[in-house]
Structure formats: structure tokens, C-alpha cells
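Owing to the predicted nature of the structure, the values given are computational and were not obtained by experimental measurement.
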Amino acid sequence: MKYRINLGGGYTRKMKIRIFLRWFFYALALVLLYSLMSSGTFGAWQPFLIISFAIGVAIHEHEFSSSIFGIFCGFMLDIAMGTLFGFFAVLMMPFCFLVSLLARNLIRVNFVNHLIATAITTLFSFSMHYLFTYVIWDVSSREIVILNVLLPSFIATVVTAPLMYLLSRLIWRKLTLDESSDLREALEEAAESADESKKERRRHKIDS
């Protein structure tokens, strides 16, 4: 049975440092992936690495934190693609929440499920982008966008998804909380704190 430590003070200092470092490296990886996407290195075959990385984080993390991270990933996608600010954020947030929820309760955390979730998220995001950017505004020759931009990027995103899964899993495994040892540390720290408070009360009684 998994334990849940109270957010109101149940974390030891070591646990807080590991949580901070984990999310720091997630954020650092996001900035690097954004820089790679913005450079245009891959041309028409540009993989949307931020999408697959966001799904990789979501499949390992809890629902709330995954949703917040998905929003930031969406903002980075909006900047990289020049879309309306918040467009991809609105799309990424529920997908990250849903993937995290499924991973906690229904599906296994593995490469195959990450690949499927990445493909579905990318396909839906591209479809919404195509609908609101080209179809609604009745842009001429919009079919070319599908063949020359969206389809190559979709394939590239799915092909490179395993790398993003490995990256997110590496950060998570190195800096995740070890439930047994961290629970033991939390209990020991709580016991020490209780002993200190008892000693302090005894001192006050003696002084009075």
C-alpha cells in the first residue's frame, strides 16, 4: 500500500531537496527541448519533443503536478509555433491529467503506453491546430500543410518518443522518493522532534 505524507510538514529536508531537483531538471529539459524545436534543425520533419516529454512526465508524476507541467509545456509550444498564446496549453493540460490519472489507476507505466499516449495527444493537438488555423479561416491549399508539415512532424514525434520516455524516466528514477527509506526518515525525524518537545516541556517545568 502506498503511503502519502502530509504536505503540511511531513517531508524531510532530504525529500524536499530531491523533489526540487526533480522538477528543476524537468524544467531544464523543457527549456533545452524548446531551444531544439525553435532552431528548425529538422526542417519539415520537426519532432514535437515537448509533447512526448510532457506525456513522459505525466505518466510518472501525480495528476495535479502533471497538469501544471502540461500547461507550461503548452505555453512553450505556443511560443515555438507562433500560435495563439494558451492554445496548446489548453490542449496539453487535460491530456497530461488524464495520462497521469490512468497511469495511477489503470495502465502500466511503460514504453508502449507512453508511445500510444504520445500518438493520441499529438494527433488530437495537430487536428485542433489544423482546424482552428486553416479550416475555419478557409485557407487555400491547406491540404499541403497536412502532407508537408503536420504528417512529417507527427511521424517524427512518434519515432522520437522513446527518447523522451527514457529522459523523463531517468530524471524520475534518479530523484524520486524511495518510499521505504523516506518514510523511515520521516518517522525518525518526527520521533526526534517529539523527544525534543518533551525535553523542552520538562525544562520549562523545572524552571517554573
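Shown here is F72, whose CZ atom has no more than 12 heavy atoms of other residues, nucleotides or ligands within 6.0 Å. More than 12 heavy atoms of other residues, nucleotides or ligands shown are found within 6.0 angstrom of CZ on F85.
Applying the side chain to side chain contact (heavy atoms under 4.5 Å, CB included) test to L147 and every residue at least two apart in sequence or in another chain returns nothing. Residues forming a side chain to side chain contact (heavy atoms under 4.5 Å, CB included) with V159 (at least two apart in sequence, or on another chain): I155.
For the atom pair L32 CG and F53 CZ, the distance stands at 9.5 Å (nearest 0.5 Å). The distance from atom CG of L131 to atom CD1 of I136, rounded to the nearest 0.5 Å, is 4.5 Å. To the nearest 0.5 angstrom, L49 atom CG is 12.5 Å from M76 atom CE. For the atom pair CG of L21 and CG of L175, the computed distance is 5.5 Å after rounding to the nearest 0.5 Å.
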### Task
Carefully, step by step, assess L77 and M37 under the rule side chain to side chain contact (heavy atoms under 4.5 Å, CB included).
CA-CA 9 Å; L77 283 170; M37 280 189 59; 3.9 Å; yes
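A heavy-atom distance below 4.5 Å is not found between the side chains of F69 and E61. F48 places none of its side-chain heavy atoms less than 4.5 Å from the side chain of S125. Side chains of L167 and L163 form no contact here, defined as non-hydrogen atoms less than 4.5 Å apart. When side chains are defined from C-beta on, W23 counts as touching V57, because their heavy atoms get closer than 4.5 Å. Considering only heavy atoms from C-beta on, V109 comes within 4.5 Å of R104 through its side chain. The closest side-chain heavy-atom distance from L91 to H129 is not below 4.5 Å. Looking at F95 and M92, their side chains never come closer than 4.5 Å, going by heavy atoms from C-beta outward. Between L150 and F154, every side-chain heavy-atom pair lies at or beyond the 4.5 Å cut-off.
Although no hydrogens or angles enter the test, the distance criterion places no donor-acceptor pair under 3.5 Å between the side chain of S38 and the main chain of S35. Side chain of R18 to backbone of T176: a donor-acceptor contact under 3.5 angstrom is found. The backbone N or O of A119 lies less than 3.5 Å from no partner atom in the side chain of T122, so there is not a single donor-acceptor pair. A donor-acceptor pair is defined here as one N or O able to donate and one able to accept, closer than 3.5 Å; such a pair exists between the side chain of T118 and the backbone of H114. A distance-only check finds no donor-acceptor pair linking the side chain of R22 to the backbone of K174 [under 3.5 Å]. Checking side-chain atoms of S168 against main-chain N and O of Y165 turns up a donor-acceptor pair under 3.5 Å.
Ring geometry, F24 versus F20: the interplanar angle falls under 30°, so the pair is classed parallel (tilted spans 30 to 60°). Between F132 and F87, the ring planes lie perpendicular to each other; the angle is over 60°, past the 30° to 60° tilted range.
Considering all non-hydrogen atoms of both residues, V139 and T133 come closest at CG2-O, 3.8 Å. Counting all heavy atoms, side chain and backbone alike, S153 lies closest to Q46 at OG-O, 3.1 Å.
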